[in-house]
Undergrad: 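The structure under discussion is supplied below as structure tokens; questions concerning it will follow.
Residue numbers count from 1 along this sequence.
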Amino acid sequence: ITQHVCAVSIMRAGDSLLVPICACFDRCPVGKILIQRDEKTALPVLMYSKLPDDISTRTVLLVDPMLATGGSCAQAVQVLLDAGVKQENLFIIVLIGCPEGIAKLTAEFPKVMILTASVDSHLNEQKFIVPGIGDFGDRYFGTAGCI
């Protein structure tokens with residue numbers, strides 16, 4: 001991957017990976033997707049999306065540090081596919097994943113590449129990665145719950 005790259009973060013924790021990604025690619029445009037979990041159904045809900053106009057012609061790096069159930073990431077992938085991005089031009093970049101999330105994404109989007117630094121063992125009953133590192137966004141941004 002050397003040209004026509006676009007980074008898209010799943011807000012908020014995904015924003016932590018934008019600086020290193022953009023440092024690797026000169027003039028890398030950035031898109032944002034905000035997905036929140038519905039408190040009643042526990043399903044992901046798209047709240048916001050802002051993508052470069054030419055995203056369908058680019059290689060897209062979708063960034064989020066944690067891949068747990070895969071629900072939010074799958075929703076973000078669908079937003080990108082609906083915008084014209086081809087599966088084979090989409091790379092998901094995470095720091096820590098788990099088998100459940102990886103299995104969900106590979107089953108739903110077999111041509112999308114998932115790149116992860118680490119795969120932890122499983123999800124617990126609350127759907128948190130085990131052993132995991134807690135709330136990455138809170139740790140990175142120094143907000144409530146990080147201590």
Side-chain angles (χ1 to χ4, degrees), residues 5-25 28-56 58-147:
V5 172
C6 172
V8 176
S9 70
I10 300 176
M11 297 166 64
R12 160 183 90 138
D15 293 348
S16 65
L17 299 177
L18 289 176
V19 171
I21 292 293
C22 290
C24 295
F25 301 99
C28 178
V30 171
K32 302 274 187 160
I33 297 174
L34 174 61
I35 296 170
Q36 293 184 329
R37 185 184 305 211
D38 182 289
E39 294 296 325
K40 293 178 182 172
T41 66
L43 296 173
V45 177
L46 176 65
M47 304 300 288
Y48 174 81
S49 173
K50 182 68 174 173
L51 305 171
D53 291 337
D54 66 347
I55 196 162
S56 65
R58 294 184 174 272
T59 297
V60 178
L61 308 178
L62 179 63
V63 296
D64 196 14
M66 309 290 284
L67 174 58
T69 65
S72 293
C73 194
Q75 178 78 35
V77 168
Q78 192 58 57
V79 168
L80 295 168
L81 296 178
D82 292 346
V85 176
K86 295 178 182 168
Q87 282 193 42
E88 53 270 19
N89 292 340
L90 179 54
F91 295 79
I92 299 168
I93 300 176
V94 299
L95 300 179
I96 300 173
C98 70
E100 295 91 334
I102 293 169
K104 175 181 179 60
L105 291 173
T106 56
E108 290 184 28
F109 310 105
K111 294 181 182 176
V112 173
M113 179 72 66
I114 301 170
L115 306 170
T116 182
S118 174
V119 178
D120 280 2
S121 70
H122 66 284
L123 295 176
N124 65 16
E125 291 178 8
Q126 293 78 36
K127 305 298 183 196
F128 293 122
I129 297 174
V130 176
I133 59 169
D135 188 307
F136 190 95
D138 282 344
R139 287 181 179 274
Y140 184 82
F141 292 107
T143 52
C146 66
I147 299 174

Undergrad: Run the numbers on Ile21 and Ile93 for side-chain contact (heavy atoms from CB on, under 4.5 Å), then give the verdict.
TA: CA-CA 10 Å; Ile21 292 293; Ile93 300 176; 4.0 Å; yes
Undergrad: A side-chain contact here means heavy atoms from C-beta on lying under 4.5 Å apart; do Pro99 and Val119 qualify?
TA: yes
Undergrad: Are the side chains of Leu62 and Leu80 in contact, using a 4.5 Å heavy-atom criterion?
TA: yes
Undergrad: Report yes if the side chains of Val60 and Ile55 come closer than 4.5 Å at any heavy-atom pair, otherwise no.
TA: yes
Undergrad: Rounded to the nearest 0.5 Å, what separates atom CD1 in Ile33 from atom CD in Gln78?
TA: 10.5 Å
Undergrad: Dump the intermediate steps for side-chain contact (heavy atoms from CB on, under 4.5 Å) on Asp15 and Lys32, then the final yes or no.
TA: CA-CA 9 Å; Asp15 293 348; Lys32 302 274 187 160; 2.9 Å; yes
Undergrad: Run the salt-bridge test on Lys104 and Glu108 with the 4.0 Å N-O cut-off and return the result as yes or no.
TA: yes
Undergrad: Looking at Asp82, I'd like to know if its CG atom is crowded, meaning that more than 12 non-hydrogen atoms belonging to other residues, nucleotides or ligands lie closer than 6.0 Å.
TA: yes
Undergrad: Between Phe109 and Leu81, is any pair of side-chain heavy atoms under 4.5 Å apart?
TA: yes
Undergrad: With side chains defined as the heavy atoms from C-beta onward, is the minimum distance between Leu61 and Cys6 less than 4.5 Å?
TA: no
Undergrad: Determine whether Leu105 and Cys73 satisfy the following criterion, side-chain contact (heavy atoms from CB on, under 4.5 Å), listing intermediate values before the conclusion.
TA: CA-CA 8 Å; Leu105 291 173; Cys73 194; 3.7 Å; yes
Undergrad: So Gln87 and Pro110, do their side chains get closer than 4.5 Å, heavy atoms only?
TA: yes
Undergrad: Considering only heavy atoms from C-beta outward, does the side chain of Val5 approach that of Arg58 to under 4.5 Å?
TA: no
Undergrad: Which is it for Gln36 and Val45 under the side-chain contact (heavy atoms from CB on, under 4.5 Å) test, yes or no, and what are the steps along the way?
TA: CA-CA 5 Å; Gln36 293 184 329; Val45 177; 5.6 Å; no
Undergrad: So Phe91 and Val112, do their side chains get closer than 4.5 Å, heavy atoms only?
TA: no
Undergrad: Checking side-chain polar atoms at under 3.5 Å, does Asn89 have a donor or acceptor matched by the opposite partner on Thr59?
TA: no
